[in-house]
There are 2 protein chains.
Amino acid sequence: MAAANKMNSAEQGAGAPELRAPESRDEILKAAIKLFANRGFHETSMAEVARAANVSKALIFWHFKTKEDLFMAVLNRLLEPYVIDFAEEAGALGEVAQIMQLVELYLMFVRDNASSIRFFVAQLMRGELASDALTGPVMQLYDGYRGLLVDLIGRAQAKDLCLKDFPAAAVARMLLSMLNGTLIEMLFAENANADVASAIAMIRQWLFGGRAGAAKDAPPEL
Amino acid sequence: MAAANKMNSAEQGAGAPELRAPESRDEILKAAIKLFANRGFHETSMAEVARAANVSKALIFWHFKTKEDLFMAVLNRLLEPYVIDFAEEAGALGEVAQIMQLVELYLMFVRDNASSIRFFVAQLMRGELASDALTGPVMQLYDGYRGLLVDLIGRAQAKDLCLKDFPAAAVARMLLSMLNGTLIEMLFAENANADVASAIAMIRQWLFGGRAGAAKDAPPEL
DNA sequence: TGGTTCATTGACCGGATGGTTAGGGAATTA
DNA sequence: TAATTCCCTAACCATCCGGTCAATGAACCA
């Protein structure tokens with residue numbers, strides 16, 4: 001029977017579990033990601049996706065019932081790297097080191113996923129589509145991150161390791177504003193790498209300024 | 001001759017200098033602003049604009065040669081309040097007071113123009129159209145603001161009135177990141193007013209923390 | 001061998017969209 | 001009054017878009 005030899009030529013790699021269609025579906029997804037990401041939903045036609053993926057338009061509709069289906073698939077594919085467990089990432093270090101590690105995590109994540117983040121923010125901005133399918137996961141991630149921050153900052157304040165002039169929630173909100181501000185700076189200007197280290201240094205100084213608190217046990221390694 | 005009685009019914013108000021057509025053009029512009037702002041360019045059809053402005057579609061094309069022409073007109077109209085001379089706004093106060101006034105100016109401006117700013121950011125994000133017509137003025141404004149900030153911070157540092165652990169340019173960049181972060185927080189969540197005062201307080205503490213510098217001569221009045 | 005499923009396609013369809021055109025009515029001008 | 005200009009419209013047009021369909025070849029199954 002010459003078993004297990006379905007695919008025609010190229011290797012199939014680790015296929016997603018839910019689909020059978022060999023590789024065209026993936027080709028379509030890749031093309032759609034590129035097009036949707038830098039042209040948006042309404043500005044991208046199915047014919048363009050088809051052309052970019054070297055398939056017929058009808059095949060796209062065979063794989064995905066509708067254009068919005070395709071868009072949702074793209075969205076979910078792009079959302080995959082966003083499943084992060086921040087709590088797990090920050091080991092059992094001291095509060096100060098954990099906070100700084102979260103800061104670095106945020107910045108490095110932004111740097112490494114700049115293009116999809118730009119896409120998501122643009123998408124979030126104008127609620128045009130997928131407002132629920134996007135805001136859901138994104139907000140969950142965001143709130144988790146902020147929760148961790150508030151908790152850690154609160155504990156650091158209790159130990160007098162960290163700026164105490166404002167309630168932990170306010171400090172956390174401001175820290176997030178700094179991070180988000182740096183994010184959009186990185187998103188707009190393409191000089192990503194340069195000022196990340198500087199931003200980290202200034203945040204550390206702001207949060208733990210005078211205190212002789214925990215040493216710099218987590219070198220940035222950017 | 002019954003002079004000066006052209007318009008049919010409603011008062012015409014202060015007409016823009018460059019156009020003759022009585023009021024329909026303005027009606028169209030107003031409708032287009034609303035539609036473009038919260039539905040985007042490609043998602044807004046000329047028929048919709050026509051319906052919203054209570055005119056025929058053809059009239060729009062009589063006033064504006066093409067859809068993109070209309071969009072540019074909308075853009076310029078929305079850009080009008082953005083012609084601010086920051087240097088003039090901040091009078092001859094001390095450096096500290098001037099910096100804080102710039103900060104408040106930024107935040108209040110964002111609060112008062114939230115909707116058009118959201119539109120601009122969304123537009124800037126995805127370069128789909130008008131990338132030049134927008135980035136030009138916006139960047140000019142932004143750079144002017146940052147320039148002022150760098151200068152003032154530098155002078156404040158020289159007088160030992162302000163945080164000196166980092167070069168003025170870096171401090172200014174971080175301050176802008178904070179402001180931009182607060183901006184996007186205000187843009188996404190609609191709780192605008194609440195945390196502006198808090199943000200201002202934290203920025204003041206960050207910049208002029210220990211120093212017994214200039215008094216709070218400019219009450220926020222938010 | 002013949003049937004069934006899978007993967008794929010070119011051709012087609014109704015609808016919406018940006019844009020045009022020919023014309024009408026009111027005011028101004030001559 | 002006649003011609004001209006300005007403002008405005010209904011009707012039209014070509015094009016493109018999302019989506020459907022009938023057909024086709026290849027692999028698998030009986």
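All chains are named by letter (A, B, ...) in the order of the sequence lines, taking the proteins before the strands, and each is independently numbered beginning at 1.
- The backbone N or O of A:Ser45 lies less than 3.5 Å from a partner atom in the side chain of A:Glu48, making a donor-acceptor pair.
- For the helix from C:dT1-D:dA30 to C:dA30-D:dT1, the terminal axes (five pairs an end, C1' atoms, rotation from four pairs onto the next four) enclose an angle of 20°, given to 10 degrees.
- To the nearest angstrom, C1' of C:dT8 lies 9 Å from CH2 of A:Trp62.
- Computed from coordinates, the A:Glu27 CD to C:dT8 C1' distance equals 15 Å when rounded to whole Å.
- The only member of A:Val74, A:Leu75, A:Ile28 that meets side-chain contact (heavy atoms from CB on, under 4.5 Å) when paired with A:Ile33 is A:Val74.
- Salt-bridge formation is detected for the pair B:Asp151/B:Arg155: a Lys NZ or Arg NE/NH1/NH2 atom is positioned less than 4.0 Å from an Asp or Glu carboxylate oxygen.
- With 3.5 Å as the limit, one finds a donor-acceptor pair spanning the side chains of A:Ser116 and A:Tyr82.
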(message) For nucleotides 17-24 of chain C, give me one character per nucleotide, 5' to 3': B if any protein heavy atom sits under 4.0 Å from the base, S if the only such contacts are to the sugar-phosphate, - if neither.
(response) SBBBB---
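- What separates CD of B:Glu23 from P of D:dC7 is a distance of 12 Å, to the nearest Å.
- Rounded to whole Å, the distance from CZ on B:Arg51 to C1' on D:dA10 is 16 Å.
- Summarising the geometry, the separation between CG on A:Leu59 and C1' on D:dG18 is reported as 16 Å, rounded to the nearest angstrom.
- Put simply, CG on A:Leu70 is 15 Å from C1' on D:dC17, counting in whole angstrom units.
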Atom pairs and distances, side-chain donor-acceptor, residues 136-148 of chain B, under 3.5 Å, sequence neighbours left out:
{"residue": "B:Tyr142", "atom": "OH", "partner": "B:Asn180", "partner atom": "ND2", "Å": "2.9"}
{"residue": "B:Asp143", "atom": "OD1", "partner": "B:Arg146", "partner atom": "NH2", "Å": "2.8"}
{"residue": "B:Tyr145", "atom": "OH", "partner": "B:Leu102", "partner atom": "O", "Å": "2.7"}

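- With A:Phe41 as the aromatic partner, A:Lys67 meets the cation-pi criteria of under 6.0 angstrom to the ring centre and within 45 degrees of the ring axis.
- You'll find the side chain of A:Trp206 reaches within 4.5 Å of the side chain of A:Leu175, heavy atoms only.
- Taking the six-membered ring for Trp and the full ring otherwise, B:Phe64 and B:Phe71 have centroids separated by 6.0 Å or more.
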